[in-house]
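Note that this is a predicted model, so its numbers are computed, not measured. Within every chain, numbering begins at 1; the chains are lettered A, B, ... in the order of the sequence lines, protein sequences first and strands thereafter.
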Amino acid sequence: GAVVSQHPSWVICKSGTSVKIECRSLDFQATTMFWYRQFPKQSLMLMATSNEGSKATYEQGVEKDKFLINHASLTLSTLTVTSAHPEDSSFYICSAIFSRHGTGEQFFGPGTRLTVL
Amino acid sequence: GEDVEQSLFLSVREGDSSVINCTYTDSSSTYLYWYKQEPGAGLQLLTYIFSNMDMKQDQRLTVLLNKKDKHLSLRIADTQTGDSAIYFCAATFSGGYNKLIFGAGTRLAVHP
């Protein structure tokens, strides 16, 4: 099946710094990528929908200036957490949709655990 | 708003069947999915069902859909210790192309 990778798998940073997380579709072109946030023992909360070459669509309550999303190509989307603070510590998961996959199935990356000290 | 609900915890004995239930509110949901998440990992798609189907079977997995009641279930036959994980139900959201609404997840614990 389709493979989605994320890098890094985990990151620890100091408060106030910015962190970039990459999401790549390895063997298909992804028309749409999604970014989720998951708190411990909770469900996935959709942060934004990213389409290649256009601005991301953010969910209500998600600060677009705080979580910058760039979808520069059909195989790469990046999420930058700017001026990170401890409350941004979370598990960030991306997913991608393979344009020719009729079910609209989302293929998920393995996630990135962010810890802000 | 649109919502997906699941029971939070299920404990079964190894070899028994597990049934995880889910309800959703968006009657226009086209596809319904079951994902599995192991500790510290991303989500793995187990199976999905199209909204015009009542049942789908895939090896040890059986999905039942009651569209009238907006109820979805996942049955795992002959549950093994390797099935211990969190299982998420997800439904497509008619208001956003391919947008998924996830349930809170059901933690399945399999004991000997």
Side-chain angles (χ1 to χ4, degrees), chain A residues 1-10 21 23-26 30-51 54 56-61 90-115, chain B residues 1-10 20 22-24 26 28-53 56 58 63 65 85-109:
Chain A
V3 177
V4 177
S5 71
Q6 284 184 239
H7 177 80
S9 55
W10 59 270
I21 303 170
C23 176
R24 292 183 186 272
S25 57
L26 297 183
T31 53
T32 304
M33 288 184 171
F34 301 87
W35 285 97
Y36 294 85
R37 185 173 180 176
Q38 186 181 29
F39 291 103
K41 298 184 179 180
Q42 294 189 27
S43 187
L44 280 73
M45 298 302 297
L46 179 64
M47 299 174 66
T49 303
S50 170
N51 291 294
S54 63
T57 302
Y58 289 81
E59 294 299 302
Q60 193 171 5
S90 190
F91 194 52
Y92 292 88
I93 304 177
C94 73
S95 70
I97 290 179
F98 179 26
S99 60
R100 289 183 290 170
H101 209 288
T103 64
E105 175 188 343
Q106 293 186 25
F107 296 91
F108 284 82
T112 297
R113 184 163 302 283
L114 170 64
T115 302
Chain B
E2 304 307 329
D3 195 21
V4 175
E5 294 191 356
Q6 302 176 236
S7 51
L8 295 181
F9 187 74
L10 177 65
I20 303 172
C22 169
T23 58
Y24 59 98
D26 188 348
S28 300
S29 291
T30 310
Y31 288 96
L32 298 123
Y33 303 86
W34 283 103
Y35 285 91
K36 176 183 180 182
Q37 185 180 36
E38 300 190 35
L43 273 69
Q44 172 197 354
L45 178 69
L46 289 177
T47 186
Y48 66 90
I49 189 167
F50 189 49
S51 59
N52 68 353
M53 298 169 65
K56 181 178 181 181
D58 183 2
V63 179
L65 175 61
I86 300 176
Y87 291 80
F88 289 97
C89 167
T92 52
F93 173 51
S94 60
Y97 177 67
N98 285 320
K99 181 175 170 179
L100 288 180
I101 304 297
F102 282 85
T106 299
R107 184 175 297 272
L108 174 64

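Using a 4.5 Å cut-off between heavy atoms, A:Leu44 touches chain B through backbone and side chain atoms alike. With a 4.5 angstrom heavy-atom cutoff, B:Phe50 does not touch chain A via any of its atoms. In this structure, no portion of A:Gln60 lies under 4.5 Å from any heavy atom of chain B.
With values rounded to the nearest 0.5 angstrom, A:Met45 atom CE is found 11.0 Å from B:Phe102 atom CZ. Remark: A:Ser95 OG to B:Leu45 CG distance equals 11.5 Å, nearest 0.5 Å.
Counting all heavy atoms, side chain and backbone alike, B:Phe88 lies closest to A:Gln38 at CZ-NE2, 3.5 Å. Between B:Ala104 and A:Ser43, the shortest heavy-atom distance links the atoms CA-CB, 3.6 Å. Of all non-hydrogen atoms in A:Phe91 and B:Gln37, the two that sit nearest each other are CE2-NE2, 3.9 Å.
Of the candidates A:Phe108, A:Phe107, A:Tyr36, B:Leu43 forms a side chain to side chain contact (heavy atoms under 4.5 Å, CB included) with just one, namely A:Phe108.
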Practice item. Check the pair A:Gln106, B:Tyr33 against side-chain contact (heavy atoms from CB on, under 4.5 Å), reporting the backbone distance first and the verdict last. Key: CA-CA 10 Å; A:Gln106 293 186 25; B:Tyr33 303 86; over 6 Å; no

Review point. Yes or no on side-chain contact (heavy atoms from CB on, under 4.5 Å) for B:Lys99 and A:Thr49, after CA distance, side-chain angles and deciding distance?
Key: CA-CA 8 Å; B:Lys99 181 175 170 179; A:Thr49 303; 5.6 Å; no

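Residue pairs satisfying the salt bridge (charged side-chain N to carboxylate O under 4.0 Å, His left out) criterion with at least one member in residues 44-53 of chain B, sequence neighbours excluded, are absent.
Evaluation of the side chain to side chain donor-acceptor pair (under 3.5 Å) rule for A:Trp35 yields A:Ser77 as partners, not counting sequence neighbours.
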